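Notes follow once the structure below has been shown.
The structure displayed is predicted, hence computed values, not measured ones. Order of the sequence lines sets the chain letters (A, B, ...), proteins ahead of strands, with each chain counted from 1.
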Protein chains: 2
Amino acid sequence: MNSDIEISAELERALIDSVEAGFAEQLAFTRRMVEFRSLRGDESELQAFFHQALQQRGYEVESFGMDRELIERHPGGSKWSDTHSSAPIVVGTHHPREERGRSLILQGHVDVVPTGPQSCWERDPFAGEIDGQWMYGRGAGDMKAGCAANLFALDALRRIGLQPAARVHIQSVVEEESTGNGALMAHLRGYRADAALVPEPEGEQLVRANVGVLWFQVMVRGLPVHVHTMGEGGNAIDGAYRLIGALRELEQQWNERKVDHPLFAELAHPINLNIGKIEGGDWASSVPCWCRVDCRISLYPGVDADSAAKQISDCIAAFAASDPLLSEFPPELTFNGFYAEGYVLEPGSQAEAVLARAHRAVFGRELETMVSPAYLDARVYALYDRIPALCYGPVAKNVHGYDEAVDLDSLKEITKAMALFIAQWCKTEPVAAEGPGGQG
Amino acid sequence: MNSDIEISAELERALIDSVEAGFAEQLAFTRRMVEFRSLRGDESELQAFFHQALQQRGYEVESFGMDRELIERHPGGSKWSDTHSSAPIVVGTHHPREERGRSLILQGHVDVVPTGPQSCWERDPFAGEIDGQWMYGRGAGDMKAGCAANLFALDALRRIGLQPAARVHIQSVVEEESTGNGALMAHLRGYRADAALVPEPEGEQLVRANVGVLWFQVMVRGLPVHVHTMGEGGNAIDGAYRLIGALRELEQQWNERKVDHPLFAELAHPINLNIGKIEGGDWASSVPCWCRVDCRISLYPGVDADSAAKQISDCIAAFAASDPLLSEFPPELTFNGFYAEGYVLEPGSQAEAVLARAHRAVFGRELETMVSPAYLDARVYALYDRIPALCYGPVAKNVHGYDEAVDLDSLKEITKAMALFIAQWCKTEPVAAEGPGGQG
């Protein structure tokens with residue numbers, strides 16, 4: 001047995017059984033989390049609930065707000081907008097009696113993306129309905145199941161009288177879906193550890209590398225005229241769509257550069273430009289004089305946000321100069337959310353080895369890695385803490401779509417692997433000190 | 001002198017002088033009208049003001065609401081939506097002591113189109129500021145100047161002791177910019193006359209023919225997925241723009257048919273499809289699952305609204321069937337405003353001859369005609385009353401655009417021509433009956 005990465009077969013068995021024993025309670029807790037409508041800006045109630053759950057377990061807990069100035073000064077700080085959440089970040093800390101193992105951050109985010117029209121859902125997006133192996137709901141997979149697993153993996157140790165023999169921070173953040181400023185704020189608050197585990201719904205795989213993401217908004221102006229002289233005016237909606245064409249060319253150029261990023265070269269389309277939101281014009285009968293488009297684009301790890309932003313800005317300026325309407329009314333570009341860089345989980349870390357061992361013990365197969373073309377909070381730990389940042393979690397379906405659901409069989413196995421990982425990485429100690437009179 | 005179309009040179013002179021004498025007051029009244037922010041749905045205050053102005057002049061006045069059921073049953077009724085105005089229609093009626101002339105409807109609409117961003121205006125859009133020959137403001141040209149001219153052309157007669165020797169209805173309507181249901185409601189209320197004059201800002205020309213207009217809204221559904229699997233989802237905003245491409249082809253087909261509509265064959269682009277408003281998606285990071293587009297398209301006179309609507313519906317269905325995304329989620333089409341047909345002012349009417357004579361007397365040149373590729377309320381009189389519907393009014397600039405303005409020199413001359421027209425068409429009688437003891 002390699003004591004750096006393995007725990008005893010007995011402990012392994014006991015932890016697996018303990019996760020099984022607690023799973024009904026874990027499901028009920030997960031479902032309760034799904035019931036909170038924790039859309040961007042509306043996460044405070046759920047955070048209060050999570051704060052209480054940490055407190056009930058005896059963790060030292062603090063809730064704290066975003067420090068905009070501090071975030072904006074940090075190179076990893078994303079841009080503010082008036083839809084930025086002001087819900088608190090919640091961190092529960094476990095202090096061991098004796099530091100024998102390696103410290104750990106267990107992170108989850110409670111913010112969820114919009115549901116879209118609820119009529120398109122077959123299930124209530126905020127009911128956490130269970131059907132067979134699936135629990136349905138917006139955020140069920142991304143990532144309330146993971147948030148609950150952070151708690152319940154630790155509970156599994158406690159159920160058999162153990163606790164980590166190292167400091168553990170259970171961090172519940174917001175703004176993961178829009179800026180990543182929640183995770184950054186926990187970092188800025190001073191929480192540090194030897195590794196971080198974020199149980200995002202990664203299909204039982206470990207994220208090897210992850211793109212950065214920028215959000216930007218372009219306001220295109222038009223020239224309103226009566227529709228009867230439409231040809232003399234300038235339709236801002238049409239202008240916006242011409243501009244989107246130019247941005248699609250930039251997207252294609254960036255995709256072609258995948259050959260320089262071997263981890264991403266296998267993906268057919270690693271860089272996605274999403275035209276996520278559009279609003280323009282006042283009514284049908286006037287040539288629209290404004291159109292606002294919200295976009296999201298990804299960056300390869302190693303590309304810094306400022307240089308990507310400059311390429312976007314240059315692309316827009318060059319196109320605008322060539323366009324009869326846009327040259328007269330140059331579009332306004334605002335970065336209004338994610339301004340975050342990608343990361344690579346460097347292979348060979350002890351943390352990864354420990355997770356791989358735990359995964360094998362539970363799933364009976366090797367831990368596979370993947371590259372993720374989506375933003376992940378793990379970037380904060382990888383880029384600014386410079387620690388192994390393990391993004392690893394259950395199977396889910398329709399993440400960000402209709403009828404999102406998490407696979408509960410997968411969730412149970414992932415929770416087991418997390419418990420084994422914690423036990424090995426942090427080592428364990430009895431919950432109650434054994435000795436004359438007893439302590440704890 | 002042809003007494004059917006001419007009045008005496010003396011009366012002509014007196015009326016012209018009378019318009020001059022009243023013009024300062026007319027300007028003040030016009031400006032006061034511009035100060036009302038009579039955007040769609042917000043016309044009630046201005047209608048109350050106009051009601052009062054009619055009452056003060058001794059007309060028999062009534063204000064009445066839209067009768068939705070009646071309008072919807074009429075073939076010229078446009079479609080309702082939740083933005084439909086419920087402001088009243090105001091009609092003032094002049095009854096002569098003796099019916100010697102031909103009766104007349106003088107119509108104007110007080111609703112105005114949105115201003116767009118006020119920062120793009122150099123003048124306050126609701127101040128009626130005068131600079132040189134121009135009065136600025138949203139609706140100054142379209143068509144508050146005309147509404148006031150209806151009143152002041154009649155005032156010019158009264159100032160010299162005359163009044164029309166025929167019934168005259170001064171109709172102030174709403175919903176001209178969105179449905180045309182205001183003018184139709186006046187018709188349904190039973191107001192009838194031998195001719196109608198609508199002083200829209202037509203650049204001192206007479207409208208010979210006018211397109212019909214349809215408004216429609218298309219809701220395109222998408223398939224939301226996480227942007228990292230964007231290729232598997234369906235972006236509703238992109239889908240909407242593909243659909244717009246198909247509608248642009250329909251627009252082109254309709255434009256090619258101008259050869260069958262000789263009055264419109266001269267126009268480069270008689271049929272305009274305007275993509276006036278767009279809204280879609282919830283935020284940057286989700287593949288948008290909905291996109292709603294508001295469109296306006298025009299029809300040649302003689303094309304009935306139902307058949308045009310069917311062509312639009314067929315075009316959308318055919319494109320949707322060919323599109324991977326839209327075939328899965330067929331777009332929803334709603335007609336939500338204008339559902340109005342075009343008209344032709346048949347040449348040769350007495351009313352036109354009288355107007356041409358009045359125009360020549362004032363402007364010293366022939367009355368020119370034009371075809372209008374925009375909706376006009378005159379269609380109600382042409383199509384359903386089957387009377388000469390004269391759309392004729394002053395020069396304006398930036399109608400529906402920024403810094404809309406009406407040419408005050410032009411307005412004064414137009415008011416003179418209107419006064420001459422009324423005097424000849426309706427004949428005149430003294431305001432006070434001349435006879436023993438005096439009457440009236």
Next on the checklist: Is the terminal nitrogen or CZ of A/Arg379 (NZ for Lys, CZ for Arg) located under 6.0 angstrom from the six-membered ring centre of A/Tyr343 and within 45° of that ring's axis?
Outcome noted: no
Next on the checklist: Can you confirm if the NZ or CZ of B/Lys258 lies within 45° of the ring axis of B/Phe264 and under 6.0 Å from the centre of its six-membered ring?
Outcome noted: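 Because its charged atom misses either the 6.0 Å distance or the 45° angle limit, B/Lys258 does not stack over B/Phe264.
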Please look at [X] and chain B and tell me whether the side chain, the backbone, both or neither of the residue comes under 4.5 angstrom of a heavy atom of that chain.
X	value
A/Phe216	neither
A/Cys289	both
A/Asp238	both
A/Trp283	both
A/Arg292	neither

Item to check | Donor-acceptor contact below 3.5 Å, side chain B/Ser78 vs main chain B/Tyr339 | outcome: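 Answer holds: yes.
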Next on the checklist: Main chain of B/Arg138, side chain of B/Trp121: is a donor-acceptor contact present, judged purely on distance under 3.5 Å?
Outcome noted: no
Checklist entry - Yes or no on side chain to side chain contact (heavy atoms under 4.5 Å, CB included) for B/Tyr241 and A/Ile237, after CA distance, side-chain angles and deciding distance? => result CA-CA 10 Å; B/Tyr241 236 81; A/Ile237 297 173; 3.8 Å; yes
Counting heavy-atom pairs closer than 4.5 Å to chain B, which one of [options] comes out on top?
options	result
A/Pro288, A/Gly276, A/Pro114	A/Gly276
A/Asn336, A/Ile278, A/Asn398	A/Ile278
A/Ala240, A/Gly281, A/Ala236	A/Gly281

Checklist entry - Can you name the side-chain hydrogen bond (donor to acceptor under 3.5 Å, both in side chains) partners of A/Gln118, sequence neighbours left out? => result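 For A/Gln118 there are no side-chain hydrogen bond (donor to acceptor under 3.5 Å, both in side chains) partners, ignoring immediate neighbours.
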Checklist entry - Under the salt bridge (Lys or Arg N to Asp or Glu O under 4.0 Å) test, which residues partner B/Arg208, sequence neighbours left out? => result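 Applying salt bridge (Lys or Arg N to Asp or Glu O under 4.0 Å) to B/Arg208 gives B/Glu352.
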Checklist entry - So what's closer than 4.5 Å to chain A heavy atoms on B/Asp282: side chain, backbone, both or neither? => result both
